[in-house]
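Worksheet: the structure to be examined is printed underneath.
Residues take their numbers from the sequence shown, with the count starting at 1.
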Amino acid sequence: MLAGCGVSQATFGDAITEGEPTPFPTNVVPSRPIYDVQRGNIIDQRTYFGRVSAINTSELHFAIDGRVLETFFSAGDDVSVGDVLAEIDTTQLEGQLIDAEEALAVAQSLLDSAESQITFARRQAELEIELAQTFLDYANLQAEDPPTAEDNLLISQRQIELELAQLALEELEQGVDPTLAFDVTRAQEQVDTINASIAQAVLVAPMEGSLTAFSISAGDPVGAFESVGIVSDLSALEVTDVMENAEISELTEGLPVVLQRANTPDAAFEGTIAQLPQPFGSGSDGLVHVRFDTLPPASEFELGERMSFVVTIAERQDVLWLPISAIRQFSGRNFVVIQEEGVERRVDVQLGLEGNDRVEILGGLEEDQRVFAP
């Protein structure tokens, strides 16, 4: 056994000398980054993404239900104000219109006949009043002085006849039966309603622009006020975005931005936040609207093209700063580790604006001090 041990020791090699590799690797002490407290600028910028949209658009819809009879334009076509874009089949409405017009004609005929009869009866009543007055005057003229009983009886009879004729005229002055006139009014309203529906069966371009959306074709059913397309003025474009309230709360209307194409970030355009949704701004559609300060040519962008816009929230110039990665936190404290006379110690720091991976140092450090990263 002793001999065996000796053999094993001899084959393991001589004693380890300085510079030779050891059988087990030694622990490598990692080097920590060291940062100098510097003076410079800090910009807090946020980048958001939206889509190119037309500033002026108009949604297209019919005002009645129906089935599309014919379309005269397609998506992508240019249109002018008043262009007829499509029509709804009005065959059923036209049949209803014929019935309504016949009902109106009957009601009007009945009213006209009643008014004619009233006119004739009124003239007859007026003549009967004249005749009764004549008989009364004659009875008074023929009566003796003093009048006899027979004279008084005849005069009274003629007065009653005159009053009856006057009552008949007064009754005729009330005119025809009001229900006849009401029937005519109701029938006319029905005709007007159907005519209005027929007029609304035509879809007309409300503005000049391009049909950026048009989703109907002949035979399609459509509902009243159901969107069937959009006309857009492509000469004035903007960028719109849907954002969270927490993001919108940091923005204000009128804030300048830099717009960039998503696929070509080198091409930049100056812009402004034109409208924010309520309660953060004056908008009512829930979108953030970013306008170009100088309108680009209509051919520069396509609707729906993805764009980024960079917003500068805040900026500090000529301030002390460190990389954000140099800051340590513990129990709500912000601190860094510095070395003085070979001894590391913690120093509490007061932080300010963050941006571009930098953080502003408001207190606790001086320029050119060296800080050890965590």
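Side chains of Ser227 and Glu59: a donor on one and an acceptor on the other come within 3.5 Å. If you check the side chains of Ser53 and Thr240, you find a donor sitting under 3.5 Å from an acceptor.
In summary, the aromatic rings of Phe292 and Phe309 are positioned with their centroids too far apart to meet the 6.0 Å limit.
Connectivity analysis of hydrophobic side chains (ILVMFWY, heavy atoms under 4.5 Å, direct or indirect) links Val37 to Tyr35, Leu320, Leu322, Ile324, Ile327, Val336, Ile338, Val347, Val349, Leu351, Val359, Ile361, Leu365, Val371.
A salt bridge links Arg370 to Asp36: one of the charged nitrogens lies within less than 4.0 Å of a carboxylate oxygen.
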Next on the checklist: One pair to check against side chain to side chain donor-acceptor pair (under 3.5 Å): Asp293 and Thr272. What are the steps and the verdict?
Outcome noted: CA-CA 7 Å; Asp293 288 348; Thr272 303; 2.7 Å; yes
Next on the checklist: Evaluate Glu161 against Arg158 for salt bridge (charged side-chain N to carboxylate O under 4.0 Å, His left out), listing each step before the verdict.
Outcome noted: CA-CA 5 Å; Glu161 290 174 351; Arg158 298 307 183 193; 3.0 Å; yes
Next on the checklist: Please determine whether salt bridge (charged side-chain N to carboxylate O under 4.0 Å, His left out) holds for the pair Arg261 and Glu305, giving the CA-CA distance in whole Å, both sets of side-chain angles, and the decisive distance to 0.1 Å.
Outcome noted: CA-CA 8 Å; Arg261 273 193 169 97; Glu305 183 176 343; 2.7 Å; yes
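By the 6.0 Å and 45° rule, Arg333 does not stack over the aromatic ring of Phe330. Remark: Arg306 qualifies as a cation-pi partner of Phe49 under the 6.0 Å distance and 45° angle criteria applied to the six-membered ring.
Following chains of ILVMFWY side-chain contacts shorter than 4.5 Å, one cannot reach Ile55 starting from Ile273, and the two form parts of different hydrophobic clusters.
Ring-plane geometry between Phe301 and Phe269 is classed as perpendicular, the angle between the planes exceeding 60 degrees on a 0 to 90 degree scale with a lower cut at 30.
Open room surrounds CD on Glu366; 12 or fewer heavy atoms of other groups in view lie less than 6.0 Å from it.
Taken from CG in Asn140 to CG in Asp137, the straight-line distance is 6.5 Å, to the nearest 0.5 Å.
In this structure, Asn41 and Arg358 approach most closely via the heavy-atom pair O-NH1, 2.9 Å.
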